[in-house]
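Reminder, nothing fancy here: chain letters follow the sequence lines and each chain counts from 1.
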Amino acid sequence: EAQVTQNPRYLITVTGKKLTVTCSQNMNHEYMSWYRQDPGLGLRQIYYSMNVEVTDKGDVPEGYKVSRKEKRNFPLILESPSPNQTSLYFCASSLFLSSEAFFGQGTRLTVV
Amino acid sequence: GQQVMQIPQYQHVQEGEDFTTYCNSSTTLSNIQWYKQRPGGHPVFLIQLVKSGEVKKQKRLTFQFGEAKKNSSLHITATQTTDVGTYFCAERGSGNTGKLIFGQGTTLQVKP
């Protein structure tokens with residue numbers, strides 16, 4: 001089954017404790033992105049990747065890192081999480097630049 | 001920067017009534033995509049519109065792209081409880097970023 005898989009689905013952590021949210025897709029898509037969703041703000045792009053070893057900042061990259069060592073994986077790293085990073089995070093992939101995006105199930109992160 | 005404004009933010013309807021959500025942009029849109037997010041779920045692609053004046057239908061859903069490619073609408077005829085969720089329009093941003101610029105979304109509640 002074609003899918004984008006994120007883990008974990010839920011995470012509560014403390015300020016400053018490094019964490020990684022994993023994202024994996026099995027559709028051989030080149031394009032992958034991370035979004036955060038906050039009430040009233042819709043979805044905003046954090047980082048994106050057009051191919052292996054090619055990543056760039058989106059609209060709200062501060063406090064986040066990503067890597068793309070393999071085509072299928074695109075982890076999101078929070079080196080020192082802060083409470084303002086409490087949000088719902090989605091990973092997405094698409095085959096082409098202009099094609100539909102497939103979203104993961106989401107990761108609800110709470111930083112206390 | 002590019003912005004897509006979506007209205008209304010919320011809509012409550014009685015089952016069987018029609019529903020419409022609108023997306024507007026001050027700049028010409030290259031394309032528009034529509035996504036649906038069920039409560040507690042992730043965005044799921046519905047459709048993409050590319051051509052000026054384009055109209056596409058999916059059962060009870062009708063999607064339109066304005067003649068000037070600055071606005072789009074999603075109309076649902078005779079809503080059902082299964083239509084509950086948040087509907088987002090999104091544009092693929094300019095440049096090779098793969099970025100989706102989302103509207104704020106319209107949350108639809110359907111009373112049985």
Please evaluate residues A/F102 and A/H29 with respect to the criterion ring-ring contact (aromatic ring centres under 6.0 Å, His included), reporting the C-alpha separation (whole Å), side-chain torsions for both, the decisive distance (0.1 Å), and the verdict.
CA-CA 10 Å; A/F102 291 81; A/H29 286 172; 5.5 Å; yes
Just do the side-chain contact (heavy atoms from CB on, under 4.5 Å) check on B/V44 and B/H42 with the steps written out, would you?
CA-CA 6 Å; B/V44 175; B/H42 59 281; 4.0 Å; yes
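With a 4.5 Å cut-off on non-hydrogen atoms, B/Q37 touches chain A through its side chain but not through its backbone. Interface remark: A/E30 contributes no atoms to any contact with chain B (heavy atom separation under 4.5 Å). Contacts of B/Q33 with chain A are made by side-chain atoms alone, with heavy-atom separations under 4.5 Å and no backbone atom involved.
Between B/F102 and A/Y35, a ring centre-to-centre spacing shorter than 6.0 Å is recorded. Between B/F45 and B/Y35, the ring centre distance stays below 6.0 Å.
Just one residue in the list B/T21, B/L108, B/T107, B/T106 forms a side chain to side chain contact (heavy atoms under 4.5 Å, CB included) with B/T86, and that residue is B/T107.
The greatest number of non-hydrogen atom pairs below 4.5 Å with chain B, out of A/A92, A/P39, A/G104, is found for A/G104. Ranked by heavy-atom pairs under 4.5 Å with chain A, the first of B/G105, B/P43, B/G41 is B/P43.
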